[in-house]
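The block underneath contains the structure these notes are about, expressed in C-alpha cells.
Just so we're on the same page: letters track the sequence lines, and every chain starts at 1.
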Amino acid sequence: MLLAGLMTGGVYALVALGFVMIYKASGVFNLAQGELFMVGGLLCWTFAAELGLPIWLSLMLALAVSVILGIVIERLTMRPLIGESPFTLIVMTLSLTLMITGLATLKWGGVTLGMFDLIPSGSLKFGGVFLSQQLLGCFVLAILGVIIFSLYFRYTKSGLSMRAVAENHQAARSTGIRIGNVFRLVWIIGAITAAVGGILLGSINGVSIFMRLMGLKILPVVLLGGLDSIPGAIVAGLVVGALESLALGYLDPIIGEGFSQVFPFVILVIVLMVRPHGIFGLARIERI
Amino acid sequence: MARLPAGTLSESYQVDKAIVRTRLQWGLSIAGLILLFILPLFVNSDRTLILLNTIGITIITVQGLNILTGYCGQINLGQVGFMAVGGYTSAILAININLPFWICLPLAGIATAMVGVIFGLPALRVKGFYLALATIAAQFIILFCVYLIPDLTGGAAGLTIPSPNLGGIVFNSEQNFYYIIIVAVIITTFFAKNLARTRVGRAFIAIRDNDLAAEVMGISLAKYKTMAFAICAFYAGIAGSLWAYYTGVVHPDQYTMVDSIWYVGMVIVGGMGSTVGAIFGTIFLRLIEEMANSQLAPWLGTVFPAIAGQASASMALFFQGLIIALFLIFEPRGIAHRWETFKASYRLWPFPY
C-alpha cells in the first residue's frame, strides 16, 4: 500500500514539477494545472479509445495539443498580465480553469470513465509484495520525466536561461535572454508535465471530467516541497502520495470515509501554520 | 443640471461623510427602495423571480467577500465553505431544536463567523497565494466534516428544512421569499457601505494597501484581519442560511469549489473594494449565467446535436471564465470604475474634468 502510494506520488511529483517551473520562471501560480492534466488524459483517451489510433500516435497528438494549449494560454492570458499583483494572476488562472472545464465538459462531459491501454496490466512480485505492473510502469515513466527535466534545467542552454529568468527578470534580460520565449517555454513544460501525468494516471484509473481535481491535490505537494524548489516538488510528491495511501489504509476506517481525500489538505494547513515555505523552499514569505 | 453636485459642496463634516448627501440622492434612494419593494408585483414569470432571488442571496455573500478581499485585501477562495456552515447550522437548529427562522438566521451567521475566525488564522501568518491555498483547504475540510457526522448533518443525503413562518404567513413561494431576501440585501449592503467610513473600515483599507505600514501605524493586524474574516464569514453564513431556507434542502453537492471562484470573479468584475461594485458584478455574472443556460445552450443543442446534453452545464462555466478573464485583462478595476467615470462625466458636463 505504501508502495502504491509512492507510485502515484511519482505522478504527483511530475505534475507538481510543471507547477513549480511555471512559478519559478514567471511568478504565476498555475491553478489550472489540474485542468491541463485532465485535458491531456482526455485527449489521449479520445485518440486512442474513441478514434482507435495507435497508442504512440495518440500520445504524440495528445501532447501536441496540450503544448498548443499551453502556448495559447501563455500568449493570450498571461502575457497581458505581466507584472500584475499575485491576486490578479491567481484569479486569471482560476478563470482559465472555468473556461477549460467548460469547454472540456462540452466534449467529454457525459463520459463517466474511459480507459485506454498504455502499459499492459499484470502484477509483479517484488520481494513479498505484489505490485501492479501498470503502477510501476507509471512510476518509472514519471521519475524518468522528472530526471529528464532536472537534467534539462541543469545542462542545456535553454534550461539555464530558464533558471536565470527565475532568479531575476531584469538581469536575465540584460544578458540577452528573451523573457517572452522563456515564459512560453515554461508554460509548454508545464503543459507537457501535466498532460503526461494525465495520460499516465488516466491509463490506470480511467479518464473523466473529474480528473481536474488533481489540480487541487498538487497544491499540498508544492506547498510541502516549497514553491520554488524542484527537488522539493519531487520529494513532496512522493511523500504526499505515500501519506495519502497510508491514510486510506489506516486512518479511513477510524475517522471516516473519504478522509484520505481531505488528508492532503490537512497536511497543507499544518504546513502553512508551521513552515509555510515548505521543506526546501526559500524562506521568503513575509510573516507578521 | 443645476442640482447635480459638480464638486465638493459639503458645508460640514457630517454631510461630507454621509452616504446620501444631496436631496436629489435622498429622493433617488427612496424611490429606488420603493421600486425594489414593488418589483415582484410587476414581474409575472416565476423564472425571473427565481433569478432575482438568486441574485439577492449572491449579493449578500459577495458583499461579505468584498469586505474581506476588496477592503482588507485577503484572498478568500473558500467562501462557499462558509456558506455551507451557515446553511447546515440553520438546518440543524431548525430541525433538531425547532428554532424559528428569525433566530436561526442570526445564529447561523454567528456560528459561521466563529468558523471564519478559525480559518482566518492562517491569514495572520501568510498572505497571497498561501492564504488562497489555506482557504481552499478550509472549504474542503468543512465539506468533509459534513460527511463526518452524518447523524447530525444528513451526510451525503442532506437535510430538508421547513419554510420560514411569520405569524401565519408561510414564506414558501418565490414572491414571498423575495421580500425576506430584499430586506436582508438592503440591510447587509447598508452595513457594508457604512463599514468603509468607520474606523474599522479604514483599518481594513490600510491593511490592504500596505500591511507592514499599517502595523507600524498602530493598527493591530491580528485583530483586524480576524475581524475581516469574521465579518465575511458572517455574511456568508447569512447568505448560506437564506439559501438553505430558499431551496428547502441542504446538500453537500450544493457547495462546490466552482461557486467560490464565481464569487471571487464577481468581486473582481464588479470592482474590488466597492459596495456597489459587488452588486454590479453579481448581477452581471448571474445574468450571463442565466442567458447562457436559457438561450445559448438550447441553441447550441440544435446546431451541434452531439453536444446538446452537456451544453447547458458547460456554457455558463465557459462564459463566466471568459468574462472574468476579459475583465482582468481590459478592466481590472471592474464595472464600478466605469460607473464612477460615467457619473463624473455627467456631473461635470459640459466640462471634461
A/L98, A/T97, A/L76, A/L94: which one forms the most heavy-atom pairs within less than 4.5 Å of chain B?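 It is A/L98.
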Top contributor to chain B interface from A/T77, A/V269, A/L96, A/L216 [non-hydrogen pairs under 4.5 Å]: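 It is A/L216.
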Taking only residues two or more places apart in sequence or in another chain, which ones pass side-chain contact (heavy atoms from CB on, under 4.5 Å) with B/L322?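 B/L322: side-chain contact (heavy atoms from CB on, under 4.5 Å) contacts with A/M99, B/F318, B/F319, B/L326.
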So for B/P122, is it side chain, backbone, both, or neither that comes closer than 4.5 Å to the heavy atoms of chain A?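 When you check distances to chain A, atoms from both the backbone and side chain of B/P122 fall under 4.5 Å.
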A quick test of your reading: do over 12 heavy atoms of other residues, nucleotides or ligands sit less than 6.0 Å from CZ of B/R338? no
Do any of residues 66-81 of chain B come closer than 4.5 Å to chain A, heavy atom to heavy atom, and if so which ones, in number order?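 Contacts with chain A: B/T69, B/I75, B/L77.
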Contact listing (chain A partner; residues 257-270 of chain B; heavy atom under 4.5 Å):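 The stretch touches chain A at B/V258, B/I261, B/W262, B/V264, B/I268.
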Over all heavy atoms of both residues, which pair between [X] and [Y] is shortest? Give the atoms and the distance, please.
{"X": "A/G225", "Y": "A/A236", "answer": "N-CB, 3.4 Å"}
{"X": "B/F82", "Y": "B/A236", "answer": "CB-CB, 3.6 Å"}
{"X": "A/G215", "Y": "A/L219", "answer": "O-CG, 3.5 Å"}

Please flag which part of [X] lies under 4.5 Å from any non-hydrogen atom of chain B: side chain, backbone, both or neither.
{"X": "A/L272", "answer": "both"}
{"X": "A/R212", "answer": "side chain"}
{"X": "A/P80", "answer": "side chain"}

Does [X] reach the main-chain N or O of [Y] with its side chain, forming a donor-acceptor pair under 3.5 Å?
{"X": "A/T193", "Y": "A/G190", "result": "yes"}
{"X": "B/K225", "Y": "B/L124", "result": "no"}
{"X": "B/S274", "Y": "B/G271", "result": "no"}
{"X": "A/T93", "Y": "A/F29", "result": "yes"}
{"X": "B/T226", "Y": "B/A222", "result": "yes"}

Contact between A/F183 and A/V165 at the side-chain level, heavy atoms closer than 4.5 Å - yes or no?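 Yes, close enough: below the 4.5 Å cut-off.
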With side chains defined as the heavy atoms from C-beta onward, is the minimum distance between B/F119 and B/F229 less than 4.5 Å?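 No - every pair of side-chain heavy atoms lies 4.5 Å or more apart.
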So which bits of residues 30-40 of chain A come within less than 4.5 Å of chain B, counting non-hydrogen atoms only? A/L31
With rounding to the nearest 0.5 angstrom, report the CD to OG1 distance, B/Q63 to B/T58.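 Going from CD on B/Q63 over to OG1 on B/T58, the span is 11.5 Å.
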What orientation do B/Y255 and B/Y88 show, parallel under 30°, tilted 30 to 60°, or perpendicular over 60°?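 Ring orientation of B/Y255 relative to B/Y88: tilted.
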Which of B/F327, B/F129, B/F140, B/F330 touches chain A most, by non-hydrogen pairs under 4.5 Å: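 Heavy-atom pairs under 4.5 Å are most numerous for B/F129.
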Interface residue of largest heavy-atom contact number with chain A, from B/A325, B/A134, B/A132, under 4.5 Å: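 Option with the top pair count is B/A325.
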Is it the case that A/T88 and A/S85 place a side-chain donor and acceptor less than 3.5 Å from each other? yes
Would you kindly say whether B/T54 and B/R286 are connected by a side-chain donor-acceptor distance under 3.5 Å?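 Note: B/T54 and B/R286 side chains miss the donor-acceptor criterion.
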Given A/Y23, which of A/L89, A/L227, A/V28 fulfils the side chain to side chain contact (heavy atoms under 4.5 Å, CB included) condition?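 Option passing the side chain to side chain contact (heavy atoms under 4.5 Å, CB included) with A/Y23: A/L227.
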